[in-house]
Amino acid sequence: MDFDISNLDPAQALRQSEERMKALSAVRAKMADLEGRAESADGRIRVTCNVRDPLAEIHIDPRAMRMSSQELAETIRETARRAREHLNEQVEELTAQQFGDTVNPLDLLKDPERLKESLSDMQNMFAKASSDAQTMLDQLQRQLGIRIDTSR
């Protein structure tokens, strides 16, 4: 994500930030209703997960108890993994719908270097905006002959 600091409009940046926060809140609310589901190949084990609970529900058919403990454990693990994949697919689809062509926050989380770069760009943008604001205040103070003591 590249920011053009030279043409920064603080009001527009604030509006965009507010819109982004609303979009994130909407995604968070919708994510609470999502469930990932998976079933073992033989249909004897079913797992449901959600964003709050990775194992929200586990159903084990009594016939599955005939499996060895190791085989049963592996089947539960594999079914849980596929349920989580199903949930992740839904989350990715939801965020893609919500953010469209703009930068999807999930994409940034998957790429630490891109996230670091984006955060650095934002930090630079706000530092420049702060510096520009201080320069404008200093100019106003000089023009108006106001002297403010900031040593407190």
Side-chain angles (χ1 to χ4, degrees), residues 1-138 150 152:
M1 177 190 316
D2 294 325
F3 293 102
D4 184 4
I5 297 173
S6 62
N7 295 322
L8 179 66
D9 176 2
Q12 182 182 4
L14 181 60
R15 276 192 307 280
Q16 288 175 341
S17 176
E18 289 171 345
E19 288 171 8
R20 202 106 169 112
M21 293 307 293
K22 285 179 186 175
L24 283 170
S25 291
V27 166
R28 194 175 307 121
K30 290 176 183 176
M31 281 175 56
D33 295 331
L34 297 179
E35 289 186 332
R37 296 178 184 274
E39 186 174 296
S40 64
D42 62 8
R44 294 180 181 175
I45 298 173
R46 291 189 311 267
V47 174
T48 302
C49 64
N50 58 50
V51 293
R52 293 175 307 281
D53 190 349
L55 293 173
E57 182 181 313
I58 300 175
H59 171 78
I60 302 174
D61 184 289
R63 294 174 294 165
M65 301 309 283
R66 295 186 191 125
M67 301 166 93
S68 71
S69 62
Q70 186 175 357
E71 185 182 4
L72 179 60
E74 181 55 36
T75 303
I76 291 171
R77 257 193 315 274
E78 175 60 21
T79 307
R81 184 192 62 73
R82 287 189 302 108
R84 188 66 187 179
E85 281 179 358
H86 180 234
L87 178 63
N88 289 342
E89 289 168 4
Q90 293 175 68
V91 169
E92 287 182 14
E93 184 178 311
L94 175 66
T95 57
Q97 288 172 355
Q98 187 69 43
F99 294 103
D101 293 337
T102 63
V103 175
N104 184 332
L106 286 183
D107 292 341
L108 289 176
L109 293 176
K110 292 176 189 173
D111 185 352
E113 280 304 312
R114 189 170 168 214
L115 177 60
K116 192 168 141 183
E117 185 179 303
S118 178
L119 291 174
S120 178
D121 287 347
M122 284 189 278
Q123 184 178 13
N124 291 338
M125 178 185 72
F126 287 115
K128 172 121 176 55
S130 177
S131 174
D132 290 349
Q134 186 60 50
T135 300
M136 288 179 359
L137 286 173
D138 292 344
T150 59
R152 291 185 234 185

Flag, side chain of Arg37 to backbone of Arg46, donor-acceptor distance under 3.5 Å
no
What do the steps show when you test Arg77 against Glu74 for side chain to side chain contact (heavy atoms under 4.5 Å, CB included), and what is the final call?
CA-CA 5 Å; Arg77 257 193 315 274; Glu74 181 55 36; 2.9 Å; yes
Side chain to side chain contact (heavy atoms under 4.5 Å, CB included) against Ala56, all qualifying residues, sequence neighbours excluded:
Asn50, Asp53
Would you please name every residue forming a side chain to side chain contact (heavy atoms under 4.5 Å, CB included) with Leu34, sequence neighbours left out?
Met31, Leu87, Gln90, Val91, Leu94
What are the two closest non-hydrogen atoms of [X] and [Y], and how far apart are they?
{"X": "Ser40", "Y": "Arg44", "answer": "OG-N, 3.2 Å"}
{"X": "Ala32", "Y": "Val51", "answer": "CA-CG2, 4.1 Å"}
{"X": "Cys49", "Y": "Pro54", "answer": "CB-O, 3.0 Å"}

First locate atom [atom1] of [X], then atom [atom2] of [Y], and finally report the distance between them rounded to the nearest 0.5 Å.
{"X": "Leu55", "Y": "Ile76", "atom1": "CG", "atom2": "CD1", "result": "9.0 Å"}
{"X": "Thr95", "Y": "Arg28", "atom1": "OG1", "atom2": "CZ", "result": "13.0 Å"}
{"X": "Leu72", "Y": "Ile60", "atom1": "CG", "atom2": "CD1", "result": "5.5 Å"}

Salt bridge (charged side-chain N to carboxylate O under 4.0 Å, His left out) between Arg82 and Glu85, intermediate numbers included:
CA-CA 5 Å; Arg82 287 189 302 108; Glu85 281 179 358; over 6 Å; no
Test side chain to side chain contact (heavy atoms under 4.5 Å, CB included) on Ile58 and Thr79 and set out the steps.
CA-CA 10 Å; Ile58 300 175; Thr79 307; over 6 Å; no
